[in-house]
Amino acid sequence: MNPPNQGGDAIKPIVTNEVLTSTFRKAPMLQATNIHVSYEGETLFSGITFHVSPGERIALVGANGSGKSSLLKVLAGLQTPASGSVNVIASRSVAYLPQDSLVVGQRTLHDEMLSVFAAVLENEERQRSLERRMSGLTGDDLQAVLDEYAELQAEFDRLGGYTIEREVGTVLHGLGFTPNDTGRAVSQFSGGWQSRIALGKTLLKKPDLLLLDEPTNHLDLATTEWLEEYLGKYSGALVLVSHDRYFLERVTKRTLELERGTLTDYPGSYSWYVVEKERRREQQQDRHERQQRDIERQQQFVDRFRYKASKASAAKSREKMISKIERVDAPPPDLRRVKFRFVFAGASGRETFVLKKLTRSYGEREVLRGADLVIERGDKVAVVGPNGSGKSTLLRILAGIDPPTSGSVTVGHNVRRSYFDQHQAELLESGHTVYDEVFRAAPRGWTVTDVRTLLGRFLFTGEDVHKPIEVLSGGERSRVALVKMLLEPANTLLLDEPTNHLDIGTRDVLESAIRDYEGTSIVISHDRYFLDRVANKTLEVENGKATLYPGNYSEYRERKLGTYAPAPAPAPARSESGGPKRPARESEGHIRQLRNDVVALEAEITRTEVRLAEVQEVLAEPDLYSNQERFSAMLAEYGELQGRVEELNDRWERHAGTLEELAPEPSPEREDSTTGRQRLLERLHELERLLENPDVYADEGVAKGLMDEYAQVYEALAAFPAADPPRVRNHLVQKSSAPARTAPDPQEAERVRARLTEVERLLTDPDLFLDERRSAPIIDEYGYLQERLTTLTAHDGRR
């Protein structure tokens, strides 16, 4: 059964949503049968029966409070159900990661991650012990030890002992840790980073079945995308709870829904589940309505002829028939969802915020540096960037809570701001009830009925309004905080992680409210689907800079990767000759950027591999093992570098593949001579502009890559018979390959002089000559430029 297509708001599925018949034929590794769980006498769910086959990727979805986390704990053996059973094949291992899990202790990060491999470390220690014993043994005693040593080595290899450092390095790097972090005690990391450590340890266990409860909590967007790729290559089975819809779509292929205490199995990805659930609901509603119409028609016959002698027998027969009909129930109504609109306070001026040279520092650390930014009325801005990059700081400055260290922020005319802090739900007053907390924030004149009506729209009904704040769940606290924000009319919303702890249904409603809002909104969120739905601009905050891009998050990512292409026009314009017009210059610019990214990645791969070789040489030194601290540090760096090389190669393959798709190299026999020469000239001029930048030579790998390409392009141009050779700047181009000019070019002489001045300025830096690899190409270019200038000025005697 193929999944139906969705509308424009659907997530593009990465996996094929088919019934996984081949998977279901496999013997299940886990079987849950008639699971029943209750709390304080109230049933949470019952009759839960399903199985997990090897390699399956399952999403467990449902509203907050439906019992997803409890079901995972039951599957992990950490919670005993009231009835029912969970059976796991004895040879299969299971690992469980709870929400907001922490790692505590005084071990270093490196040692904490290695603790996962206890059996490998024990084996290695036994090998070291045998090595020490060998020195004093001979004959049969020595042979016995050698035999045992060989068995240990074979077992060590089977357990993957020779690759654990690389695996640890790959996971730590993917989760955002640096080599400097490996020697820090885990207790020194914040709660969010300790959660990453717990996630890393769970991944390194490589169990047959992974049970992950909200693993993307505390992860930034880049780390979430890395985790998607990692799990995509994972060979074991997976049961995943998450509110990140993109994450579910990219990782899972089967969806289990917990709703009203029952479990429904959808053999497809998340996006297919959404469509299929609605289709099943509509089908059930249609069957119910048709049956009700038929029953009503039969009942009318019974009522009409019940007391008529000639028809009484037939009426009674039909009445019995009606009583025996198996009723088709109407589908249950959708679970209650929050319904609200932000109160709009009237239009602001055209410019909402204007930032000029804005800098914000905390001690010696500059979070924002020289930010220039304009936010206009009606903009819907998604703010993205790594954790700790300054996103929340920027929002607090815009909200008027924190002042800039230097520079200025101008708030536009009639701007009325409403600010939601990511920790706002934690700032609610303990000791207050839900009603007390909201009533204290309500405008003057509001009645009890007004407050309770508003709370009802946020799912607080009946006795719920009298719940103390301290007993509320994370999602309930977030809803209370949103209610308080809603009470103040505004025309500019500043929202810092408003989706935290909200289930998918409530996120859908919040998305709609922001999209329908007439004012300006600036939103920080790690939910990529949410950002795609609410944003028309994306603000990247990274390395102290704030850069505004047009489009939502997906378009921003495409621009960063160089794969963005504007949507094609409905009817492509054609030139007078009947052929299609030349592609937009913007697309060509993205292709050029993609080429530069490929060159930069190649240079970074080279640098990383060089350092990896250096570390390997150090690890080969016999004296290293006498210094345990240095040995551990080098071993940790070795693992991190191995993971780094793998990641860089993966990125290079993606970039190079995308470049090949967007701009495949035409075959020489098919490419028109004029077109090919023009293409090469454009690339040559572009390379010249890049090589004119002195900063390029600060990175020897990038500079060498650009100069090599310059030489190749020049030689390719020289192969065109009717072409005048381009001017030469790169020392790598052989002078013999350039035909002599019949007359000097004054403009070229000026360009050579300008470049010579730049190179002379570089050569005044004494530190340059400390690195021969960096200084050699610059010295060579200086000599070539002097010779070229002598040739160009020989006719008029200028030097």
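Residue indices begin at 1 and follow the sequence shown.
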Measure the [atom1]-[atom2] distance between [X] and [Y] for me, rounded to the nearest 0.5 Å.
X	Y	atom1	atom2	answer
Leu531	Tyr553	CG	OH	8.0 Å
Leu203	Leu97	CG	CG	8.0 Å
Leu238	Arg254	CG	CZ	12.0 Å
Lys201	Lys205	NZ	NZ	6.5 Å
Gln283	Glu276	CD	CD	8.5 Å
Thr49	Gln31	OG1	CD	7.0 Å

Among side-chain atoms of [X] and [Y], is any donor-acceptor pair under 3.5 angstrom?
X	Y	answer
Asp157	Gln153	no
Ser38	Glu42	no
Ser271	Glu249	yes
Arg533	Tyr529	yes
Glu165	His110	yes
Gln106	Ser187	yes
Asp527	Thr499	no

Is a donor on one side and an acceptor on the other found under 3.5 Å between the side chain of [X] and the backbone of [Y]?
X	Y	result
Thr202	Ala198	yes
Thr252	Ile58	no
Lys68	Leu258	no
Asp532	Ser554	yes
Asn34	Gly84	no

Before accepting this row, confirm whether a basic side-chain N of the pair [X]/[Y] lies closer than 4.0 Å to the acidic partner's carboxylate O.
X	Y	answer
Arg132	Glu125	yes
Arg245	Asp508	yes
Lys277	Glu259	yes
Arg477	Glu470	no
Arg126	Glu122	no
Arg611	Glu614	yes
Glu56	Lys253	no

Ring pair (Phe, Tyr, Trp, His ring centres under 6.0 Å) between Tyr162 and Phe156, worked out: CA-CA 8 Å; Tyr162 296 106; Phe156 186 79; 4.9 Å; yes

With a 4.5 Å heavy-atom cut-off, do [X] and [Y] have their side chains touching?
X	Y	answer
Asn217	Gln99	yes
Leu114	Leu121	yes
Val94	Pro207	no
Thr182	Leu172	yes
Thr264	Thr255	no
Gln79	Leu72	no
Leu71	Phe50	yes
Val239	Leu209	yes

Residue pairs involving residues 81-97 (criterion side-chain hydrogen bond (donor to acceptor under 3.5 Å, both in side chains); sequence neighbours excluded): Ser93-Asp208

For the residue pair [X] and [Y], what are the closest heavy atoms and their distance?
X	Y	answer
Leu248	Tyr270	CD1-CD1, 3.9 Å
Pro331	Gln285	CD-OE1, 2.9 Å
His288	Ala330	ND1-N, 3.4 Å
Gly200	Val171	CA-CG1, 3.7 Å
Leu30	Val88	CD1-CG2, 3.7 Å
Phe45	Ser66	CD2-O, 4.1 Å

Phe177 six-ring centre to Arg196 NZ/CZ under 6.0 Å and within 45° of normal: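 The answer is no; the distance or angle limit is not met.
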
Over-ring placement of Arg250 relative to Tyr246, 6.0 Å and 45° cut-offs: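 Yes, Arg250 and Tyr246 form such a contact.
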
Leu159/Phe117 under side chain to side chain contact (heavy atoms under 4.5 Å, CB included): CA gap, chis, key distance, verdict: CA-CA 9 Å; Leu159 294 172; Phe117 305 99; over 6 Å; no

Chi angles and distances behind the side chain to side chain contact (heavy atoms under 4.5 Å, CB included) call for Phe247, Leu240: CA-CA 10 Å; Phe247 188 73; Leu240 168 68; 3.4 Å; yes

Asn123 vs Gln127, side chain to side chain contact (heavy atoms under 4.5 Å, CB included): CA-CA, chis, key distance, verdict: CA-CA 6 Å; Asn123 180 296; Gln127 289 186 55; 2.7 Å; yes

Arg184, CZ: over 12 other non-hydrogen atoms inside 6.0 angstrom: yes

Over 12 foreign heavy atoms within 6.0 Å of CG, Asp147: yes

Audit row: Phe189, Leu109, side chain to side chain contact (heavy atoms under 4.5 Å, CB included) steps and yes/no: CA-CA 9 Å; Phe189 291 93; Leu109 172 61; 4.1 Å; yes

